[in-house]
> 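Before I ask anything, let me first share the structure, which is written out below as structure tokens.
Heads up: numbering here begins at 1 and tracks the sequence.
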Amino acid sequence: MMPPLVVIPARLASTRLPGKPLADIAGLPMIVHVLNAALKAEIGPVVVAAAEPEICDVVTNAGGKAVLTNPDLPSGSDRVWQAVQTLDPQGQYSTIINLQGDLPTLAPDALHTVCGVMDNPAFDIGTLVAPVSTEEEATAPSVVKVACHFAQAAHHAVALYFSRQPIPAGPGPLWHHVGIYAWRRAALARFVQLPPSGLEQRESLEQLRALEDGMRIGCARLAIAPFGVDTPQDLERARRLLGA
């Protein structure tokens, strides 16, 4: 059985933090921190799907593999799919892990956790959640929440909805979505052909397109969400956490 193919989409044109993948954190570009975490997982081959040659150069100089993709692609999922088609036109890899390139504190075990969701044939996509621990986290629009329920002793739960609002209502845990996905190759191929959906556009959350199309997303739990970098303030926090 083939291992999953791990693809890390990366582009320089971030609106809130231009040049984000190449930002220095503790002496290494951020994209290299994420690449190293993925390689340490030893789950399968790892490639960076880069929008610009500068990212390719940094990755290859660090000993990694990169493929140059069209800079005008609309999303990370499209970038991942283009890289997959370039690297694996014969379709040998049936599972694709889309790892965001802005998670420099990622624990390598997270990739095994998300890949484990794919053991259940009922799921088209696997993703990760972690408990929301503060009121600030619950109400922050930048923290995406998932409506899902883990039955007693269950390792996985069905994602029913994603929102920037604190959902669901009522007593019980809230779940912070961690934007790492394990895709069945056929599901990813189908997803990138779909037009943006109504709820996707309303919430500005790409994964709602998959739900509206009837795909099933399974969630696995992490104890703590890895810290993502979206703003200059986030970058300074990452530098403190990683000892810069």
Side-chain angles (χ1 to χ4, degrees), residues 1-7 34 37-44 46 77 93-100 103-140 142-188 190-191 199 203 205-228 241:
M1 187 173 180
M2 290 291 287
L5 175 62
V6 182
V7 185
V34 180
L39 291 170
K40 285 177 185 176
E42 297 184 336
I43 196 170
V46 181
S77 299
Y93 294 97
S94 59
T95 300
I96 312 299
I97 296 179
N98 179 344
L99 172 58
Q100 303 305 315
L103 298 172
T105 65
L106 178 77
D109 283 351
L111 298 186
H112 292 273
T113 302
V114 73
C115 199
V117 179
M118 296 289 92
D119 292 340
N120 185 337
F123 293 128
D124 301 293
I125 306 165
T127 195
L128 298 172
V129 299
V132 170
S133 58
T134 67
E135 182 64 22
E136 180 183 9
E137 188 180 3
T139 57
S142 60
V143 175
V144 178
K145 274 69 69 173
V146 190
C148 63
H149 174 72
F150 289 88
Q152 189 172 8
H155 295 292
H156 304 139
V158 178
L160 298 176
Y161 192 69
F162 296 81
S163 180
R164 298 184 182 280
Q165 299 300 311
I167 58 168
L174 296 179
W175 296 102
H176 176 157
H177 181 230
V178 178
I180 300 171
Y181 299 95
W183 290 87
R184 298 200 192 280
R185 186 189 183 106
L188 180 57
R190 173 176 149 197
F191 177 84
L199 291 173
E203 290 262 18
L205 294 175
E206 190 182 52
Q207 60 270 41
L208 291 174
R209 187 192 319 175
L211 290 184
E212 287 190 81
D213 192 60
M215 297 187 202
R216 286 172 60 85
I217 302 177
C219 302
R221 288 175 283 190
L222 299 178
I224 301 172
F227 177 65
L241 288 172

> In Å and rounded to the nearest 0.5 Å, what is the CZ to NE2 distance from F150 to H156?
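Reported value, rounded in 0.5 Å steps: 8.0 Å.
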
> Indicate the atoms forming the closest heavy-atom contact of R184 with P121, along with that distance.
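Residues R184 and P121, closest heavy atoms: NH2-CA, 3.5 Å.
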
> Check step by step if side chain to side chain contact (heavy atoms under 4.5 Å, CB included) holds for I125 and Q207.
CA-CA 10 Å; I125 306 165; Q207 60 270 41; over 6 Å; no

> Please give me the minimum heavy-atom distance between F162 and I167, naming the atom from each residue.
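Looking at all heavy atoms of both residues, the shortest contact is C-CD1, 4.2 Å.
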
> Measuring from I217:CD1 to L160:CG, what's the distance to the nearest 0.5 Å?
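I217 atom CD1 to L160 atom CG measures 10.0 Å (nearest 0.5 Å).
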
> Going by the side-chain hydrogen bond (donor to acceptor under 3.5 Å, both in side chains) test, name the single residue among K145, H177, E203 that passes it with S163.
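Exactly one pass, corresponding to E203.
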
> Working to the nearest 0.5 Å, report the span between SG of C219 and NE2 of H155.
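C219 atom SG to H155 atom NE2 measures 15.0 Å (nearest 0.5 Å).
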
> Nearest heavy-atom pair of P131 and A223: which atoms, and what distance?
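Result for this residue pair: CD-O, 3.4 Å.
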
> Might you work through the side chain to side chain contact (heavy atoms under 4.5 Å, CB included) test for I96 and Y181, ending with a clear yes or no?
CA-CA 8 Å; I96 312 299; Y181 299 95; over 6 Å; no

> Measuring from atom CG of N98 to atom CZ of F191, what distance do you get when rounded to the nearest 0.5 angstrom?
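Separation between the atoms: 9.5 Å.
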
> Walk me through it: do E206 and S77 pass the test side-chain hydrogen bond (donor to acceptor under 3.5 Å, both in side chains)?
CA-CA 9 Å; E206 190 182 52; S77 299; 2.8 Å; yes

> Minimum heavy-atom separation for W183 and M215, please, with both atom names.
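For W183 versus M215, the nearest heavy atoms are CZ3-SD, 4.4 Å.
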
> Check the pair R185 / T95 against side chain to side chain contact (heavy atoms under 4.5 Å, CB included), numbers first and verdict last.
CA-CA 6 Å; R185 186 189 183 106; T95 300; over 6 Å; no

> Starting at OG1 of T113, measure out to CG of L222 and round the result to the nearest 0.5 Å.
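One finds 5.5 Å between OG1 of T113 and CG of L222.
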
> Is there a side chain to side chain contact (heavy atoms under 4.5 Å, CB included) between F123 and V158? Walk through the geometry before answering.
CA-CA 8 Å; F123 293 128; V158 178; 3.8 Å; yes

> Would you name the heavy atoms of G126 and V117 that are closest together and state the gap between them?
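Taking G126 first and V117 second, the nearest heavy atoms are CA-CG1, 3.7 Å.
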
> Looking only at heavy atoms, what is the nearest atom pair of L174 and A138, with distance?
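In this case the closest contact between L174 and A138 is CD1-CB, 3.8 Å.
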
> Quick check on side-chain contact (heavy atoms from CB on, under 4.5 Å): which of L128, I180, V46 does L111 satisfy it with?
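Result for side-chain contact (heavy atoms from CB on, under 4.5 Å) with L111: I180.
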
> Taking atom CD of E42 and atom NE2 of H112, what is their separation to the nearest 0.5 Å?
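Atom-to-atom, E42:CD and H112:NE2 are 7.5 Å apart.
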
